[in-house]
Structures are given as structure tokens and as C-alpha cells.
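Only one structure is covered here, and it is reproduced in the block below.
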2 protein chains.
Amino acid sequence: MTLTELRYIVALAQEGNFSRAAERCSVSQPTLSVAIARLEDELGVQLFERGKGFVSPSDVERQVVLQAQHALDEAEKVRQIAQRGRDQLEGVLRLGIIHTIGPYLLPQLIHSLKAVAPGMPLAIEENMTANLADMLRDNDLDVVIVALPFDLPGVLTRPLYDESFKVVVPLGHPWESKTAIAPEDVAGDEVLLLKAGNCFRDQVLGACPQVSSPETDIRLGHSIGTIRCMVASGLGVSVLPEGALQHPYSNDLIRVLPFVEPAPSRRIALAWRSGFVRPKAIEALLEAVRRLEVPAYRLLV
Amino acid sequence: MTLTELRYIVALAQEGNFSRAAERCSVSQPTLSVAIARLEDELGVQLFERGKGFVSPSDVERQVVLQAQHALDEAEKVRQIAQRGRDQLEGVLRLGIIHTIGPYLLPQLIHSLKAVAPGMPLAIEENMTANLADMLRDNDLDVVIVALPFDLPGVLTRPLYDESFKVVVPLGHPWESKTAIAPEDVAGDEVLLLKAGNCFRDQVLGACPQVSSPETDIRLGHSIGTIRCMVASGLGVSVLPEGALQHPYSNDLIRVLPFVEPAPSRRIALAWRSGFVRPKAIEALLEAVRRLEVPAYRLLV
DNA sequence: TAGCTGCTATAGTTATTCCCTATAGTGGCA
DNA sequence: TGCCACTATAGGGAATAACTATAGCAGCTA
């Protein structure tokens with residue numbers, strides 16, 4: 001049984017005449033005749049009465065023709081759904097992003113993306129790098145935004161921007177009058193860190209070798225927002241990515257100080273499976289990043 | 001797009017691996033690979049990510065695969081419905097029958113048919129010969145039971161039985177003591193006839209040439225039952241087919257007299273379109289007639 | 001009843017499609 | 001670098017599906 005044969009029986013049932021049905025199907029009369037005979041043979045039922053001017057199916061035959069029409073309709077829907085999917089910028093894009101970027105980049109990125117690809121909403125998964133990597137590999141995500149390095153087999157990356165680290169201290173802190181801090185000066189257990197697993201924690205530890213990293217310490221934040229509050233409360237100092245310190249976040253209760261040049265930074269990148277079927281969606285995301293109205297980032301795209 | 005291709009993408013989506021999917025479809029891996037590529041090309045959408053160990057469709061691809069499954073299901077239903085129709089003795093048989101036979105033959109015929117083809121109920125259309133002929137031609141009926149002659153292009157007939165005509169008179173009628181009536185004796189306007197259009201009326205007129213047939217006459221019955229009542233009421237005499245005079249119809253108020261041999265009779269036959277797709281249903285009907293427990297009929301099958 | 005008409009089936013041929021085997025290409029991994 | 005797992009490509013052969021031409025059949029008409 002083929003879709004062509006089903007088309008034939010539907011046409012024949014409607015036309016009631018082999019020749020006209022064949023013409024409608026753009027085939028010769030013998031072609032249709034043979035095809036009908038073949039299908040009847042396969043199904044074991046004679047679907048059409050031959051002879052005279054009418055060939056109207058009855059009872060079971062009518063049902064078969066009706067069902068054939070249903071099958072053809074369903075097949076056509078396959079085509080329609082595929083058609084809808086032809087535009088790679090249509091449909092949800094599943095984006096994973098790390099905690100230390102999400103809240104600060106996404107509001108602007110989503111706004112920007114809406115201009116580039118209005119038909120492509122983002123389904124956001126905020127998580128830690130390791131989990132995002134798993135989800136990307138397992139096709140639970142289409143694309144992720146993480147900090148480099150991010151080496152996974154079969155995954156391509158593209159740098160988006162570099163993000164400097166900044167020192168944050170409470171108002172009235174001795175460093176308040178300094179113009180720049182050296183990474184080595186950030187030391188001791190007054191430095192507030194994110195909990196283990198967050199990549200930014202490791203990035204800070206890498207940038208400021210003097211920072212101690214006790215495994216269990218109340219001085220561990222759940223998120224950058226928590227850290228900021230802890231600093232404002234005078235619990236210590238910290239290092240945060242510049243993205244988290246931009247407008248519209250209020251820095252009234254803390255003092256933000258730059259590192260001495262070259263300031264430590266991290267490189268934020270887009271990553272996706274090399275075989276991802278919607279490359280244009282990647283392009284759209286890159287374009288959305290390009291159009292970000294955030295001068296602080298040193299864009300790389 | 002072919003059903004085979006749809007089967008392929010469903011298998012591939014489930015197996016997540018070209019080789020295994022191919023094996024499941026009983027084709028070689030290149031065959032499936034090419035078929036998928038061809039379908040993707042036709043639909044204009046890349047449905048599957050290639051590479052690594054997983055090939056799980058996402059979003060639009062998932063929908064396409066789901067819809068493909070629906071289409072395959074519908075196609076399978078075509079096969080099932082056809083399967084149901086394979087047994088020609090399954091499903092309603094649309095039977096037309098003339099008024100002067102229906103009420104007398106059908107009760108027994110239906111009973112008999114139930115033994116021969118329990119899965120084939122009859123949809124009864126009781127009408128006059130001309131209308132039955134139209135309905136048979138237009139495929140509104142599958143088969144009809146009428147009196148011969150019944151010549152229609154493309155229609156085959158098979159005699160079932162011969163049915164003698166009988167004279168019926170009211171109790172106390174002068175003919176009551178006669179053993180047999182000659183057709184010529186049935187004459188005058190005391191003879192009750194069916195209304196015009198009923199074939200039996202014409203058969204009586206043909207058998208008894210002396211009967212007058214005024215076009216408008218109150219002595220016209222709607223049915224044989226009516227005629228019988230009119231005779232019982234003393235309104236006249238009539239000629240009826242023997243089938244209408246059998247058990248369980250009470251003949252207490254009338255006297256039934258035979259014609260002198262050879263008694264006039266009519267030949268009852270089955271008729272169907274020569275191309276009718278359920279020849280076995282015809283055979284079953286014939287067999288049901290054969291098994292009728294009515295010794296009065298001179299069966300011809 | 002012969003011939004015509006309208007319809008479907010069959011025969012024979014050609015063209016296409018489909019599927020197979022063999023092998024190349026690719027990326028991950030040890 | 002070589003191996004492994006996987007998919008794509010090439011080339012040939014078999015099956016299928018198409019076409020044209022024509023036969024066969026039934027009904028209709030002269």
C-alpha cells in the first residue's frame with residue numbers, strides 16, 4: 001500500500017471513472033487501472049465495481065475510501081508541519097545559561113533577539129556549567145551560554161565577549177579610596193565566594209591566587225545577588241563579573257573597584273552541537289549579541 | 001513522500017541510530033540513509049542531527065515524526081477496514097423487494113439467512129419494481145427480489161421459485177364449491193386489483209384477460225393485505241399469489257381456490273449488478289432460499 | 001444484428017526507482 | 001596515530017511503475 005495508491009482510490013471514488021480519475025492524477029488510465037487492481041489484491045477486497053458509467057463504492061468500500069482520505073490528510077499534515085519548521089527562526093530555542101550571566105545578560109539579550117528573530121522565543125535553563133554540558137549533549141538544550149573553556153566532543157563554541165572582574169567592597173572599607181586593586185591583594189577569608197560548582201567561583205580562585213577557599217564556610221553565596229547583599233552588609237569583600245554590576249542593579253551600598261590592568265576577566269561564549277539542525281538560529285543569537293546596547297562588554301562577535 | 005519514508009523516520013526517531021533503524025525496517029543502512037536524506041530534501045527541513053551516538057529529534061522534528069506516526073496509523077486503518085470487508089458475508093446487504101413478496105417471504109428468508117450468513121443483516125427496501133430497478137442501477141441497493149421479466153443492462157438475474165396464483169372469494173360466494181377456476185372466468189369489475197404500478201396487478205391482468213382495469217376505481221387495494229380484507233368484506237373476488245396465502249396468514253374469512261392447471265404463475269428471481277463486489281453474498285442468499293421450509297414454493301435453485 | 005461508442009483490462013516496452021554491496025569520509029577516543 | 005562507530009556516497013542490478021497500443025466487453029443505435 002502506497003500513498004499514491006490511496007490517492008488513486010480516492011480520485012476514482014470521486015470521479016467514478018477510471019479515465020477521468022487517471023487524468024486527475026496525471027497518469028494514464030492503464031497505470032491507474034493496474035494500481036487499483038494491485039491495491040485491491042493486496043487488501044483482498046474488491047473496492048470498485050467495474051462496468052457501465054458508474055463506479056460508486058458501497059459499504060466497506062466507501063469506508064476504505066474515507067479512511068484512505070484520512071491517511072492522505074495526515075500525510076499532508078506532515079508536510080505542513082515540516083513547512084512550518086523550514087524557517088529555522090520559528091519555534092522555541094532552548095537556551096542554557098550559567099547563573100552568573102543569566103540574570104544580567106538575558107533581559108537585554110531577549111529584547112535584542114526579539115528584533116532579530118521575533119518568532120523564536122527562548123526557553124531558558126539556568127544552571128551550572130557541568131549540568132548545561134550534560135543537557136546540551138543529551139539534546140535537552142539547543143544552545144548554551146557559558147564561560148570558556150568549554151570543551152565537549154561534538155560541540156562548537158563561539159566567543160561572545162570578555163567580561164572583566166571587579167572588586168566590590170562595602171562602603172567605608174579601607175580600599176574605598178584606591179583606584180585599582182591588584183589580584184594578589186584580594187586575599188584572606190574575608191573574601192566572599194560562590195558555592196562550589198559555580199564556574200565563576202573557580203574563575204575567581206584562578207584570578208586571585210591568595211584567596212583561601214575553605215570547603216565549608218558561611219561566607220559562600222548562593223548567587224551573585226546574595227554576594228552583593230553580603231558585601232553591602234559588611235560581611236566581607238568579593239570579586240564579581242562586571243555584567244552583574246551594570247544598570248539597573250543598584251550599587252549604592254557597595255563600592256565597585258577595578259583591578260589593575262590587565263584586569264582578570266573571563267570569556268563568555270555560545271556553544272552548540274556541531275550537528276544542530278538550526279544553524280540560522282545560532283546566527284540570530286550572535287546577531288542579537290552584536291546588537292546589545294551594553295558598551296561595557298568587549299564584544300567579540 | 002511515501003509511507004515507507006514515514007516508516008523510516010519513525011524508526012530512526014525511536015532507535016536514534018541509522019543502522020539499528022535500518023535493521024528494524026529490514027533494509028540496509030545506506031538505503032535508510034538515502035531515504036531520510038531524500039525526505040528531508042523534499043520537506044526542506046533537516047529532521048535529524050547526524051553524529052555521535054544519539055540522533056534525537058527536537059521541536060519541529062519531533063512533531064513531524066509524531067505526525068508521521070499518525071499518518072502511518074491511518075494508513076494501517078485502511079488495511080484493517082479492508083480486512084473487515086474481506087469476508088463478503090460480513091456487513092449489511094441492501095435488499096430490495098416488491099410489496100407483494102416482502103411481507104410473505106422475508107420473515108422466513110431472514111430466518112434462513114441467519115443460519116447461512118449470521119454476520120450479514122439485511123437492510124430492506126420494499127418498493128415497486130420500477131423503483132427497485134432504479135435503486136439497483138444507482139447502487140442504492142445491492143440486490144433485489146422481483147418477478148421476472150426483469151431486464152436491465154448490466155444486471156444479472158437468477159430464478160428463485162415459481163409462485164402460483166390463486167383465486168380468493170368471500171365465504172358464501174357461488175364459486176365456493178368449485179374445485180378449480182379457469183382464468184377466463186375471472187372477469188368483470190367485481191375483481192379487486194392492486195393499484196397501478198404494482199407488478200402483480202399487471203401479472204393478474206396478463207393471466208386473466210377478461211378482467212377489466214378501470215384506471216380509477218375504489219376496487220383498488222394498496223396491498224395484498226388490503227385486498228384480502230376487501231374480499232373478506234364481500235367487496236369482490238381477487239387473484240393473489242400463493243405466497244400471500246400461506247401460514248401464518250388466516251384464511252378463515254375467505255375461500256382460496258386454485259386455478260385449473262396449468263395455473264397462472266409468476267417467476268420470482270434475485271437480481272444484482274453483474275459487477276457487484278460481493279458475489280458470495282448472492283450465493284448466501286441463494287442458499288438461504290434453498291433452505292426455506294416452505295413446501296408450497298416450487299424452488300428453482 | 002452489425003457497427004459504434006465508452007469503458008476497463010492486458011501486453012509489451014521503457015524509464016524510473018529502489019535497494020544492495022562496497023567503500024569513503026568523519027569525529028571521538030585510546 | 002590508529003581504531004572504532006557511525007553516516008554518506010558510488011555503482012550496479014533488480015524490481016517496479018510508467019507509458020503506448022490494443023484487446024475485450026457491454027450498451028446503444030441504425
To the nearest angstrom, how far is [X] atom [atom1] from [N] atom [atom2]?
X: A:Arg20; N: C:dT8; atom1: CZ; atom2: P; answer: 8 Å
X: A:Arg273; N: C:dT26; atom1: CZ; atom2: P; answer: 21 Å
X: B:Gln29; N: D:dT9; atom1: CD; atom2: P; answer: 11 Å
X: B:Phe18; N: D:dT7; atom1: CZ; atom2: C1'; answer: 7 Å
X: B:Leu156; N: D:dA26; atom1: CG; atom2: C1'; answer: 12 Å
X: A:Ile36; N: D:dA17; atom1: CD1; atom2: C1'; answer: 14 Å
X: A:Glu23; N: C:dT8; atom1: CD; atom2: C1'; answer: 16 Å
X: B:Leu32; N: D:dA8; atom1: CG; atom2: P; answer: 9 Å

Listed nucleotide nearest any side-chain atom of [X], set [options]:
X: A:Ser33; options: C:dC20, C:dT8, D:dC19; answer: C:dT8
X: B:Pro153; options: D:dA8, D:dC28, D:dC6; answer: D:dC28
X: A:Ser19; options: D:dC19, C:dT8, C:dC19; answer: C:dT8
X: A:Pro30; options: D:dA17, C:dC7, C:dA11; answer: C:dA11
X: B:Asn17; options: D:dC6, C:dT8, D:dT9; answer: D:dC6

Worksheet entry | salt_bridge(B:Glu125, B:Arg94) N-O dist < 4.0 Å |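 Between B:Arg94 and B:Glu125 there is no salt bridge, as every charged N stays at least 4.0 Å from the carboxylate O atoms.
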
Worksheet item: Taking for each residue the nucleotide of DNA chain D with the nearest heavy atom, is it A:Ser26 or B:Val155 whose nucleotide lies nearer the 5' end?
Response: A:Ser26

Practice prompt. Could you check A:Ala35 against B:Leu152 and say which one's nearest nucleotide on DNA chain D is further toward the 5' end?
Written response: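 First, find each residue's nearest nucleotide; the 5'-ward one identifies A:Ala35.
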
Worksheet item: Taking all non-hydrogen atoms of both residues, which atom of A:Leu136 and which atom of A:Arg273 are closest, and how far apart?
Response: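 Taking A:Leu136 first and A:Arg273 second, the nearest heavy atoms are O-NH1, 2.8 Å.
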
Discussion item. Judged by each residue's nearest nucleotide on DNA chain C, which is more toward the 5′ side, A:Ser274 or B:Tyr8?
Written reply: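 Between the two, 5'-proximity favours B:Tyr8.
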
Worksheet item: Taking atom types as modelled and ignoring hydrogens, do the side chains of B:Asn17 and B:Glu15 form a donor-acceptor contact shorter than 3.5 angstrom?
Response: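 Judged by distance alone, the side chains do not pair up.
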
Worksheet item: Taking atom types as modelled, is there a side-chain donor on A:Arg24 or A:Gln14 under 3.5 Å from an acceptor on the other?
Response: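 Their side chains do contain a donor-acceptor pair, which is all the 3.5 Å distance test asks for.
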
Worksheet item: Does A:Arg38 have a side-chain nitrogen or oxygen under 4.0 Å from the phosphate oxygens OP1 or OP2 of D:dT16?
Response: no

Fill in: Contact under 4.0 Å: A:Thr31 side-chain N or O vs D:dC19 OP1/OP2
yes

Discussion item. Using the rule side chain to side chain contact (heavy atoms under 4.5 Å, CB included), only one of B:Leu156, B:Leu141, B:Asp142, B:Leu93 pairs with B:Trp272; which is it?
Written reply: B:Leu156

Worksheet item: Heavy atoms under 4.0 Å, any strand shown: does A:Thr2 hit a base, just sugar-phosphate, or nothing?
Response: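 The answer is nothing, as A:Thr2 stays clear of every strand by at least 4.0 Å.
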
